[in-house]
Amino acid sequence: MPKLSSDLTGTINHKLAATSPSGIRAFDRSVSNIPGIIKLTLGEPDMNTPEHVKQAAIKSIQDNDSHYAPQMGKPELLEAISKYVERTRGVKYDPESEIVVTVGATEALASTLFALLNTGDKVIIPTPVFALYFPLVAMTGATPIQVDTSADGFVLTPEKLEEVLQKEGHGARAVLLNYPSNPTGREYPQETLEGLAKVIAKHHLYAIADEIYSDLVYRVKHYSLTSMIPERTIFISGLSKSHAMTGYRLGYVAGPQEIMGSIGKMHAFLVTTVTDNVQAAAVEALNNGQEDPVEFRKTYEKRRDFVVAGLRDLGFEMSTPEGAFYIFAKIPESFGKDDVKFATELAHQAKVGVTPGSAFGAGGEGYVRLSYASSDEDLKEALNRIGKFARNVNLS
């Protein structure tokens with residue numbers, strides 16, 4: 001294997017070098033090779049992509065749909081996204097100028113942040129939250145401002161946002177919200193979002209709304225900043241969770257035309273365009289797969305109730321998730337506050353993989369995240385193993 005020339009050592013992007021890898025992925029890798037482990041670490045639906053969606057992708061390949069697609073997305077997909085957002089949020093985005101199809105919601109976030117931010121800017125991020133946000137913001141030269149929401153039920157209140165902006169207001173450019181939330185599964189009530197919208201407008205900010213889990217909510221209504229302040233909101237979503245299409249990597253971003261030109265330009269620099277057959281599958285999912293998430297929700301809700309009840313019986317505390325497919329559980333006090341140690345010993349001794357809460361930023365310490373996007377059999381056995389671990393292991 002070639003060894004890097006010594007005179008090139010250290011010739012790299014120093015911001016990237018100073019940025020730690022995803023704590024979620026790093027912990028998952030550290031326990032994945034434990035023989036017999038049941039992994040509840042990643043947000044990976046165990047459902048199959050609906051058959052009609054798969055067939056649309058296959059047909060695209062068979063039809064030799066193998067050339068460069070338009071950079072912002074195929075017209076039929078842009079139209080399908082526009083209709084979906086109008087149907088669910090009541091906002092009409094122009095397919096030709098206000099929507100960009102991306103390689104998953106991750107690329108949508110990256111393109112948005114690099115298009116919006118400059119060195120010295122600040123982005124307000126309520127935590128605990130999906131940890132990818134922090135390095136993406138930092139790589140732009142901006143600063144992520146973590147706001148611990150654990151004292152407010154893991155929801156950013158308008159009062160808290162106002163308090164933070166009074167302290168950090170100089171240079172604040174955007175508030176980045178994820179709801180339903182990864183890792184807590186919390187939704188935002190309508191009145192809370194309306195209050196946040198007023199504060200965001202008052203301080204002349206963007207709202208970046210990551211709503212990738214919005215089709216997976218349980219017995220509550222999903223409200224969106226997109227509906228309340230569309231002139232300020234960058235709306236991000238995709239099909240990974242709603243249609244069990246994580247491997248297809250299909251996301252999108254929508255917003256006012258004046259900013260979408262810059263986001264589209266950044267997207268084109270990063271990836272050129274999204275794969276043809278993936279876009280064909282997405283058209284089918286959006287146009288003819290509106291009921292697919294409904295069936296998934298029923299299964300996830302049943303699993304959620306089973307795992308929440310089981311964990312509470314074992315002494316864990318948590319809010320019942322209202323969306324997504326995660327449980328953010330507080331470690332029983334008898335085990336202390338070290339969530340990394342707890343998760344590590346649980347993996348090695350009980351062979352159950354969960355993610356330490358500290359991987360999700362401020363307010364996550366002393367918690368663990370469990371994904372219930374796994375089979376009923378695995379969840380039942382995982383609870384059995386966690387129970388034995390909790391009864392028999394002293395972590396002090």
Side-chain angles (χ1 to χ4, degrees), residues 24-25 27-51 53-54 180 182-185 212-213 215-219 239-248 289 291-332 335 339 342-357 359 367-393:
I24 302 169
R25 289 283 181 175
F27 188 83
D28 176 72
R29 285 194 298 271
S30 74
V31 302
S32 288
N33 292 328
I34 297 174
I37 193 168
I38 296 174
K39 292 208 310 175
L40 308 180
T41 47
L42 300 182
E44 177 72 34
D46 70 316
M47 313 289 190
N48 292 324
T49 303
E51 190 63 31
V53 176
K54 292 190 287 186
N182 172 12
T184 67
I212 189 71
Y213 294 99
D215 283 317
L216 300 176
V217 296
Y218 313 110
R219 302 180 189 275
L239 300 179
S240 291
K241 316 301 182 179
S242 62
H243 288 77
M245 294 172 65
T246 52
Y248 285 68
E291 294 302 310
D292 295 332
V294 176
E295 293 304 312
F296 291 166
R297 276 202 304 269
K298 293 177 182 177
T299 299
Y300 288 138
E301 185 175 10
K302 180 181 176 182
R303 292 174 178 176
R304 177 202 65 174
D305 293 344
F306 172 74
V307 177
V308 166
L311 288 174
R312 284 181 174 154
D313 286 344
L314 296 174
F316 290 83
E317 297 177 10
M318 74 219 74
S319 299
T320 299
E322 299 153 316
F325 37 61
Y326 307 107
I327 291 170
F328 204 57
K330 188 176 183 180
I331 299 170
F335 294 115
D339 51 280
F342 178 89
T344 300
E345 298 206 11
L346 181 67
H348 286 277
Q349 297 182 32
K351 298 187 185 300
V352 177
V354 300
T355 306
Y367 289 80
V368 290
R369 188 194 75 174
L370 300 83
S371 169
Y372 52 88
S374 189
S375 70
D376 294 349
E377 294 76 18
D378 279 353
L379 294 174
K380 183 177 181 180
E381 178 58 24
L383 282 176
N384 180 51
R385 295 181 186 184
I386 294 171
K388 291 180 180 178
F389 175 80
R391 288 189 293 270
N392 299 324
V393 177

Item to check | Intermediate values then yes/no, side-chain contact (heavy atoms from CB on, under 4.5 Å), Phe306 and Leu383 | outcome: CA-CA 10 Å; Phe306 172 74; Leu383 282 176; 3.5 Å; yes

Next on the checklist: Within this structure, what is the OG-CD1 distance for the pair Ser32 and Ile37, rounded to the nearest 0.5 Å?
Outcome noted: 7.0 Å

Checklist outcome for this item: Tightest non-hydrogen contact, residues Thr49 and Met245, listed as CG2-CG, 3.7 Å

Checklist entry - In chain order, what residues pass the ring-ring contact (aromatic ring centres under 6.0 Å, His included) check against Tyr326, with sequence neighbours excluded? => result Tyr213

Checklist entry - Of all residues at least two apart in sequence or in a different chain, which pass the ring-ring contact (aromatic ring centres under 6.0 Å, His included) check with Tyr300? => result Phe325

Item to check | Side chain to side chain, Glu44 and Ser371, heavy atoms closer than 4.5 Å | outcome: no

Checklist entry - Does the side chain of Phe296 come within less than 4.5 Å of Lys241's, by heavy atoms? => result no

Checklist entry - Which pairs count as salt bridge (Lys or Arg N to Asp or Glu O under 4.0 Å) when at least one residue sits in residues 304-329, sequence neighbours excluded? => result Arg186-Glu322, Glu301-Arg304

Item to check | Any donor-acceptor pair under 3.5 Å from Tyr372 side chain to Leu40 backbone | outcome: no

Next on the checklist: Could you walk me through whether Leu370 and Ile386 satisfy the side-chain contact (heavy atoms from CB on, under 4.5 Å) test, starting with their C-alpha distance in whole Å, then the side-chain angles of each, then the deciding distance to 0.1 Å, before giving a yes or no?
Outcome noted: CA-CA 12 Å; Leu370 300 83; Ile386 294 171; 4.1 Å; yes

Checklist outcome for this item: Heavy-atom closest pair (Glu345 atom, Phe389 atom, distance to 0.1 Å) is O-CE1, 3.7 Å

Checklist entry - With sequence neighbours excluded, what pairs up with Arg303 under the side-chain hydrogen bond (donor to acceptor under 3.5 Å, both in side chains) test? => result Asp46, Asp376

Next on the checklist: Just to verify, what does Thr41 make a side-chain hydrogen bond (donor to acceptor under 3.5 Å, both in side chains) with, not counting sequence neighbours?
Outcome noted: Asp28

Checklist entry - Taking it one step at a time, do Leu314 and Arg391 satisfy side-chain contact (heavy atoms from CB on, under 4.5 Å)? => result CA-CA 9 Å; Leu314 296 174; Arg391 288 189 293 270; 4.2 Å; yes

Next on the checklist: Please determine whether the number of non-hydrogen atoms from other residues, nucleotides or ligands lying under 6.0 Å from atom NZ of Lys380 exceeds 12.
Outcome noted: no

Checklist entry - How close do Pro45 and Thr246 get, heavy atom to heavy atom, and via which atoms? => result CD-CG2, 3.6 Å

Next on the checklist: Applying side-chain contact (heavy atoms from CB on, under 4.5 Å) to Ile34 and Lys351, what does each step give before you reach the verdict?
Outcome noted: CA-CA 7 Å; Ile34 297 174; Lys351 298 187 185 300; 3.8 Å; yes

Item to check | Ser30: side-chain contact (heavy atoms from CB on, under 4.5 Å) partners, not counting sequence neighbours | outcome: Phe27

Item to check | Least distance between heavy atoms, Phe342 atom then Val368 atom | outcome: CD2-CG1, 3.8 Å

Checklist entry - Any idea which heavy atoms bring Tyr248 and Lys54 closest together, and the distance? => result OH-CG, 3.5 Å

Checklist entry - Between atom CZ of Arg219 and atom CZ of Arg297, what is the distance when rounded to the nearest 0.5 Å? => result 11.0 Å

Checklist outcome for this item: Exactly one candidate in Asp339, Ile331, Thr344 meets side-chain contact (heavy atoms from CB on, under 4.5 Å) with Pro356; the answer is Asp339

Next on the checklist: To the nearest 0.5 Å, what is the distance between NE2 on His243 and CG on Asp215?
Outcome noted: 7.0 Å

Item to check | Shortest non-hydrogen contact from Ala359 toward Thr355 | outcome: CB-CG2, 4.3 Å

